[in-house]
Amino acid sequence: MNMKPIMEDWRSFLTEQKCKLPNRGDIAEGIVAAAIAAKLSKRAGGKIQMVDVSDVIAQVGNIQQMNTVVSNVVPDFSNEHEDTVGFSISMPKRPFAALVDKNLLACLQGEYEGAVSYVNSAPMHKFATRLASNKKSNDILVKAAGTEDQKGTKVDISIVVDGNKLRNQLSLKVKGGNQFAQKTGKAFEVQKAFWEPLGIDVSGAEQQYVNIVENIPTGKPFVSRDEIDAGGYLKMASQATSLIYQQAYKTLESKLQNNRFEAEFVKLLADYIKTGAVGPESEFVELVKILPGDFKRARFGKKFYSEMEKANLYPIMSTSGAYPKIQIIYEDSDGNKSVLVQMRAKVERASGKSGGSKKYGVLMRNYLETGPALYKLAGV
DNA sequence: TGGAGGGCTGGTAGTTGCAT
DNA sequence: ATGCAACTACCAGCCCTCCA
């Protein structure tokens with residue numbers, strides 16, 4: 001008898017049991033907020049110290065409950081003033097429970113290490129030093145509240161100094177989180193709204209699109225996902241969105257000059273990316289991606305715009321997959337190509353409940369997602 | 001290890017149903 | 001008829017998982 005499959009099952013069982021987390025991104029908000037508080041308050045010998053994972057764990061360990069400030073009172077470098085460095089967390093119940101569950105620390109090791117390397121990096125170190133040496137008593141509050149207002153703001157963590165939200169705001173992602181904006185729904189208006197900010201008019205495909213999607217039932221009338229597959233509705237959705245994406249791609253090609261995007265369009269593209277990543281007005285929101293033991297940072301100020309202007313950018317379209325996709329490619333001076341962002345259609349067989357039983361429906365979505373090049377052009 | 005395809009969750013607004 | 005509670009669809013948030 002071969003025991004190997006059993007052992008493998010057992011191992012995967014253990015892994016799943018151990019590291020089944022409700023939402024890694026939500027939990028990471030709390031970890032990063034605690035790490036920032038640790039950094040801002042770790043002062044000794046007139047210097048801001050490097051924080052380590054245990055400092056962050058200690059801060060997290062001091063959390064009493066949601067929305068309650070964990071406070072650290074620390075001396076200013078002058079020793080004549082005291083700063084209060086606090087942080088508070090607001091997130092859904094389950095991620096919060098996971099955050100404060102000491103048994104899950106091992107599962108979040110990568111996030112802790114990534115958060116530590118982020119707060120120890122130069123910008124945060126300098127910020128911490130400035131607050132510690134300004135010879136004032138500052139009231140500093142790090143707020144993780146990204147899940148509170150999902151429609152109103154992209155900011156997940158903000159640092160409030162003496163009541164002022166300054167330039168220190170973060171939009172957070174973790175490994176696997178590339179999506180940063182989307183439009184949902186099968187109405188043609190959804191497609192229109194998705195492409196409009198890029199100055200792309202897809203109305204040429206409207207009639208055909210509508211003709212197809214009107215055959216897709218609204219709501220959640222299906223009793224199983226198989227029933228959706230069997231009805232061929234995913235294919236219909238794919239065909240309909242392909243029409244839109246082809247139209248969009250044609251327009252994108254018309255904005256090329258010598259095989260790269262013209263300046264006017266690049267500006268629109270930069271705006272689109274910035275708005276999707278950090279919101280409309282926030283030049284000082286940074287996009288922070290926490291990787292296991294590491295991080296990437298992107299900002300969308302002047303430097304980003306000038307990098308975009310210089311960059312060799314062009315679109316490619318893919319229809320070979322299940323759903324259409326357009327990628328904006330960045331090609332550097334050595335000819336290396338990488339994806340800046342991609343627009344992708346997807347169809348979800350969304351679940352819901354009605355009459356006490358589980359029901360399913362067809363949910364059409366359009367995603368805007370980051371590629372590696374975004375952190376090159378917007379990286380700091 | 002990164003790309004391709006996909007799912008779960010929760011807030012909000014709108015609708016429905018029932019008690020008054 | 002009306003008010004409130006329960007229910008649901010929509011849609012934006014978040015990655016997750018699988019496979020080459």
Side-chain angles (χ1 to χ4, degrees), chain A residues 12 15-16 19-30 32 90-99 107-108 110-111 144-156 171-187 189-191 193-194 217-222 225 228-229 234-235 237-238 241 275-277 279 287 289-292 294 296 316 318-327 329 337-339 341-375:
Chain A
S12 72
T15 315
E16 275 167 30
C19 284
K20 186 67 192 161
L21 295 169
N23 187 314
R24 209 173 270 275
D26 289 348
I27 302 168
E29 281 184 26
V32 171
S90 169
M91 66 174 73
K93 283 193 211 75
R94 276 179 277 195
F96 182 79
L99 172 69
C107 301
L108 294 162
E111 280 72 19
T147 53
E148 269 182 6
D149 179 12
Q150 299 215 320
K151 301 207 181 193
T153 179
K154 299 271 183 182
V155 174
D156 296 321
S171 175
L172 203 68
K173 302 247 166 271
V174 299
K175 185 177 180 297
N178 292 326
Q179 172 217 340
F180 63 103
Q182 77 286 118
K183 285 287 170 198
T184 306
K186 68 168 188 168
E189 281 64 37
V190 169
Q191 300 292 338
F194 187 65
T218 40
K220 299 191 176 70
F222 301 104
R225 292 195 158 121
I228 296 176
D229 295 348
L234 301 180
K235 232 179 210 109
S238 177
T241 46
T275 304
L287 183 63
K289 181 154 180 167
I290 300 292
L291 303 162
D294 196 9
K296 287 179 184 170
I316 60 171
S318 148
T319 45
S320 59
Y323 303 104
K325 175 170 74 178
I326 292 175
Q327 297 178 314
I329 302 295
K337 301 176 177 73
S338 55
V339 176
V341 290
Q342 71 178 17
M343 296 81 162
R344 150 170 93 97
K346 92 154 192 176
V347 181
E348 191 167 321
R349 297 173 300 174
S351 69
K353 235 186 7 189
S354 84
S357 63
K358 219 167 174 187
K359 290 286 184 61
Y360 301 87
V362 180
L363 185 62
M364 295 177 64
R365 311 183 73 169
N366 295 277
Y367 277 169
L368 178 60
E369 293 174 324
T370 61
L374 184 69
Y375 293 95

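Protein chains get the first letters and strands the later ones, always in sequence-line order, with residue 1 at the start of each. Side-chain atoms are counted along with the backbone in the values below, which use heavy atoms only and exclude waters and symmetry mates. Keep in mind it's a predicted model, so treat the numbers as computed, not measured.
Remark: A/Glu189 pairs with A/Ala187 by the side-chain contact (heavy atoms from CB on, under 4.5 Å) rule, at least two apart or across chains. In this structure A/Lys358 satisfies the side-chain contact (heavy atoms from CB on, under 4.5 Å) test together with A/Ser351, A/Tyr360, sequence neighbours excluded. Under the side-chain contact (heavy atoms from CB on, under 4.5 Å) criterion, A/Ser338 pairs with A/Tyr330, A/Ala373, A/Lys376, not counting sequence neighbours. Under the rule for a salt bridge (Lys or Arg N to Asp or Glu O under 4.0 Å), A/Asp294 has no partner lying at least two apart in sequence or in another chain. Applying the side-chain contact (heavy atoms from CB on, under 4.5 Å) rule to A/Lys296 yields the partners A/Lys289, A/Leu291, A/Tyr375; only residues at least two apart in sequence or on another chain are considered. A/Lys325 is linked by a salt bridge (Lys or Arg N to Asp or Glu O under 4.0 Å) to nothing, counting only residues two or more places apart in sequence or in another chain. In this structure, the side chain to side chain donor-acceptor pair (under 3.5 Å) partners of A/Gln342, at least two apart in sequence or on a different chain, are A/Gln327, A/Glu369. In this view, A/Lys346 and A/Glu348, A/Tyr367 satisfy the side chain to side chain donor-acceptor pair (under 3.5 Å) rule, not counting sequence neighbours. A/Gln179 pairs by the side chain to side chain donor-acceptor pair (under 3.5 Å) definition with nothing, not counting sequence neighbours.
Closest to the side chain of A/Gln182, from the set C/dA12, B/dG3, B/dG10, is C/dA12. When each of C/dC11, B/dA4, C/dC16 is scored by its nearest atom to the side-chain atoms of A/Leu363, the top-ranked nucleotide is C/dC11. The A/Asp26 side chain lies nearest to C/dC14 when the options are C/dC11, C/dT8, C/dC14.
When each of A/Arg94 and A/Gln342 is assigned the nucleotide of DNA chain B with its nearest heavy atom, A/Gln342 is the one assigned upstream, toward the 5' end. Sequence order on DNA chain B of the closest nucleotides to A/Ser318 and A/Tyr360 puts A/Ser318 first from the 5' end.
In DNA chain B, runs of at least 3 stacked Watson-Crick or G-U pairs (N1-N3 plus N6-O4 or O6-N4, or N1-O2 plus O6-N3, all under 3.5 Å) give these stems: B:1-20 with C:1-20.
Remark: C1' of C/dC15 and CD of A/Glu29 are 13 Å apart, rounded to the nearest angstrom. Put simply, CG on A/Asn366 is 13 Å from P on C/dG13, counting in whole angstrom units. Across the protein-nucleic acid pair, A/Leu291 atom CG and C/dC15 atom P stand 11 Å apart, rounded to whole Å. The CG atom of A/Asn23 sits 10 Å away from the P atom of B/dT9 (whole-angstrom rounding). Taking atom CZ of A/Phe222 as the reference point, atom C1' of C/dT8 lies 17 Å away to the nearest angstrom. Look at CE on A/Met91: it is 12 Å from C1' on C/dC14, rounded to the nearest Å. Distance A/Glu111 CD to C/dC14 P: 15 Å, rounded to the nearest Å. In this structure, A/Leu287 atom CG and C/dG13 atom P are separated by 13 Å, rounded to whole Å.
One finds a side-chain N or O of A/Lys173 lying less than 4.0 angstrom from the OP1 or OP2 phosphate oxygen of C/dC14. Using a 4.0 Å cut-off, some side-chain N or O of A/Lys154 falls inside it from OP1 or OP2 of C/dG13. Considering only side-chain N and O atoms, A/Lys183 lies nowhere under 4.0 angstrom from the phosphate OP1 or OP2 of C/dC11. Checking the phosphate oxygens (OP1, OP2) of C/dA12, a side-chain nitrogen or oxygen of A/Thr184 falls inside 4.0 Å. At the phosphate of C/dT17, OP1 or OP2 sits under 4.0 Å from a side-chain N or O atom of A/Lys20.
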For nucleotides 5-7 of chain B, which of its nitrogen or oxygen atoms have a protein nitrogen or oxygen under 3.5 Å away, and what is each distance?
{"unit_1": "B/dG5", "atom_1": "OP1", "unit_2": "A/Ala322", "atom_2": "N", "d": "2.7"}
{"unit_1": "B/dG5", "atom_1": "N7", "unit_2": "A/Arg344", "atom_2": "NH1", "d": "3.4"}
{"unit_1": "B/dG6", "atom_1": "N7", "unit_2": "A/Arg344", "atom_2": "NH1", "d": "3.2"}
{"unit_1": "B/dG6", "atom_1": "O6", "unit_2": "A/Arg344", "atom_2": "NH2", "d": "2.8"}
{"unit_1": "B/dG7", "atom_1": "OP1", "unit_2": "A/Arg349", "atom_2": "NE", "d": "3.2"}
{"unit_1": "B/dG7", "atom_1": "OP1", "unit_2": "A/Arg349", "atom_2": "NH2", "d": "2.6"}
{"unit_1": "B/dG7", "atom_1": "OP2", "unit_2": "A/Arg349", "atom_2": "N", "d": "3.4"}
{"unit_1": "B/dG7", "atom_1": "N7", "unit_2": "A/Lys346", "atom_2": "NZ", "d": "2.6"}
{"unit_1": "B/dG7", "atom_1": "O6", "unit_2": "A/Lys346", "atom_2": "NZ", "d": "3.3"}
{"unit_1": "B/dG7", "atom_1": "O6", "unit_2": "A/Tyr367", "atom_2": "OH", "d": "2.8"}

Below 3.5 Å between N/O atoms, which protein atoms pair up with nucleotides 15-17 of chain B? Just atom names and distances, please.
none

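Nucleic acid contact for A/Val174: sugar-phosphate only, since backbone atoms but no base atoms lie under 4.0 Å from a heavy atom of the residue. A/Gly352 comes within 4.0 angstrom of no nucleic acid atom, judged by non-hydrogen atoms across all strands.
A side-chain donor-acceptor contact under 3.5 Å links A/Asp156 to the backbone of A/Leu172. A donor-acceptor distance shorter than 3.5 angstrom exists from the side chain of A/Lys154 to the backbone of A/Gly276, with no hydrogens or angles considered.
A salt bridge links A/Arg349 with A/Asp229; the closest basic N to acidic carboxylate O contact falls under 4.0 Å.
Applying the 6.0 Å contact sphere to NZ of A/Lys175 captures no more than 12 heavy atoms from other residues, nucleotides or ligands.
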